[in-house]
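To keep things clear, I will list the structure first and then write my remarks on it.
Sequence lines set the chain letters: A, B, ... in the order given, protein chains first and strands last, and positions in each chain run from 1.
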Amino acid sequence: MTKAIKPEASFLDPAKDSQSVKVNGCLLTFNHLSKVYWPEDRITKRDMFNYYDQVAEYMVPYLKDRPMSLNRFPNGIYGPSFYQKNVKDKVPGCMATMPHTNDKGEEKEYLVATNKASLLWMASLGCIEINPWFSRVQSAGNPDFCVIDLDPDKQHFDQVVSAAQEIKKVLDAIGVTAYPKTSGSTGMHIYIPLGAKYTYDQSQMFAKIIVSLVHKQIPEYTSMERMVRKRGGKMYLDFLQNRPDATIAGVYSLRPKPGATVSMPLSWDEVKPGLTMRDFTIHNAIQRLKETGDLFRGVLGKGIDLEKTTEKAQSIFQ
DNA sequence: GGGACGA
DNA sequence: TCGTCCCAACGCAGA
DNA sequence: TCTGCG
Ligand SMILES: [Mn+2]
Ligand SMILES: [Mn+2]
């Protein structure tokens, strides 16, 4: 008798349009599973939940203990979307939250991710994209990493690659290891580990120093101007995102873009002309992860020494 | 997406 | 038990 | 003070 080769069972039943599942002891309900979220690609909510179920083991370490911004697309990538930060009175008891009082003195509750259930609950609200803070609740004012965010205007992705390589040159010169990923949209993100040793202000100052040096090298096609109209169509070297309460799409996040692209970590030797955001999607991300493993592991490791590094930058670049 | 409301 | 309505961010750079 | 920005 031959054993039938059974395909690995997916997280959700392909035949059901609604399903409740207990995850980390938390009962989650998934509705409208056949609703198409990416119409060109015929990708459904069910596909999205199955992706986050499978990617969770790689992704959760980058979500754990982090306050979250929810960017919700309850009707797919072309439907209206909105941000949600306050989850007061809307969150199941099994989810963790953090009290937050804003400038106006209003008391809010931010979701704090803890495990796979947190990830799947966000997804169930229509969060195609997953947006974690750069810091954890235990050290809310101290980011684990500094991010240099490359935001092209109309440039070809090869131009983004060139700018990323320029950033690597500067960081190499001062002995800093950095970790690149595609944003999954039009740009790239470069992470520098900080080990929660510095403030957001210090992190932002460091990003500004790096970006200034890079801009000096390639002023023809990059800009540090915050005002879009003052950029003159050049690629924005965004260092201002290093502040509390600000987020970007996290590593392994899907994006609400045609192709169901994923924000994917890269090795620096992949940062070469010809690379595109379309290289990494809901279809091939899990397979790639099985091959490459988690290329972002170093991001949560021991951080750099900002004082020494800044000094070195000053001595080398005057 | 989901909760509150009234028909 | 429906259909409809309504709600769901934020801080700050820089002008 | 207000708007643009991501
Ligand atoms: Mn960006
Ligand atoms: Mn940006």
Original post:
For nucleotides 9-15 of chain C, read 5' to 3', which letter fits each nucleotide if B means a protein heavy atom sits under 4.0 Å from the base, S means only the sugar-phosphate is that close, and - means neither?
Top reply: BSBBS-S

Original post:
Donor-acceptor pair, A:Arg42 side chain versus A:Trp38 backbone, under 3.5 Å?
Top reply: no

**OP:** Measure the acute angle between the ring planes of A:Phe30 and A:Phe49, then classify it against the limits of 30° and 60° as parallel, tilted or perpendicular.
**Re:** tilted

**OP:** Taking atom C1' in both C:dA9 and B:dA4, compute the distance separating them and give it to the nearest angstrom.
**Re:** 23 Å

**OP:** Please step through salt bridge (charged side-chain N to carboxylate O under 4.0 Å, His left out) for the pair A:Lys234 and A:Asp153, ending with a clear verdict.
**Re:** CA-CA 6 Å; A:Lys234 294 177 181 177; A:Asp153 184 1; over 6 Å; no

Between protein and nucleic acid, restricted to nucleotides 2-4 of chain B and to nitrogen or oxygen atoms under 3.5 Å apart, what atom pairs and distances do you find?
unit_1 : atom_1 : unit_2  : atom_2 : d
B:dG2  : OP2    : A:Asn31 : ND2    : 3.2

**OP:** For nucleotides C:dA8 and B:dC5, find the distance between their P atoms and express it as a whole number of Å.
**Re:** 15 Å

Subject >> Phosphate OP1/OP2 of D:dT3: any A:Arg229 side-chain N/O under 4.0 Å >> reply: no

Subject >> A:Asp41 side chain to A:Ile43 backbone, donor-acceptor under 3.5 Å >> reply: no

Original post:
Is A:Arg231 reaching over with its side chain to a backbone N or O of A:Ser223, donor-acceptor style, under 3.5 angstrom?
Top reply: no

**OP:** Would you confirm whether the ring centroid of A:Phe145 sits within less than 6.0 angstrom of the ring centroid of A:Phe134?
**Re:** yes

Subject >> A:Tyr198 and A:Glu307: CA distance, side-chain angles, deciding distance, side-chain hydrogen bond (donor to acceptor under 3.5 Å, both in side chains) verdict >> reply: CA-CA 10 Å; A:Tyr198 306 98; A:Glu307 290 88 349; 3.2 Å; yes

Original post:
If we take the C1' atom in both B:dG3 and C:dC10, what is their distance in whole Å?
Top reply: 24 Å

Original post:
Counting distance only, does the side-chain N/O of A:His215 pair as donor-acceptor with the main-chain N or O of A:Thr222 below 3.5 Å?
Top reply: yes

**OP:** Measure the distance from CG on A:Leu150 to P on D:dG6 and round it to the nearest whole Å.
**Re:** 14 Å

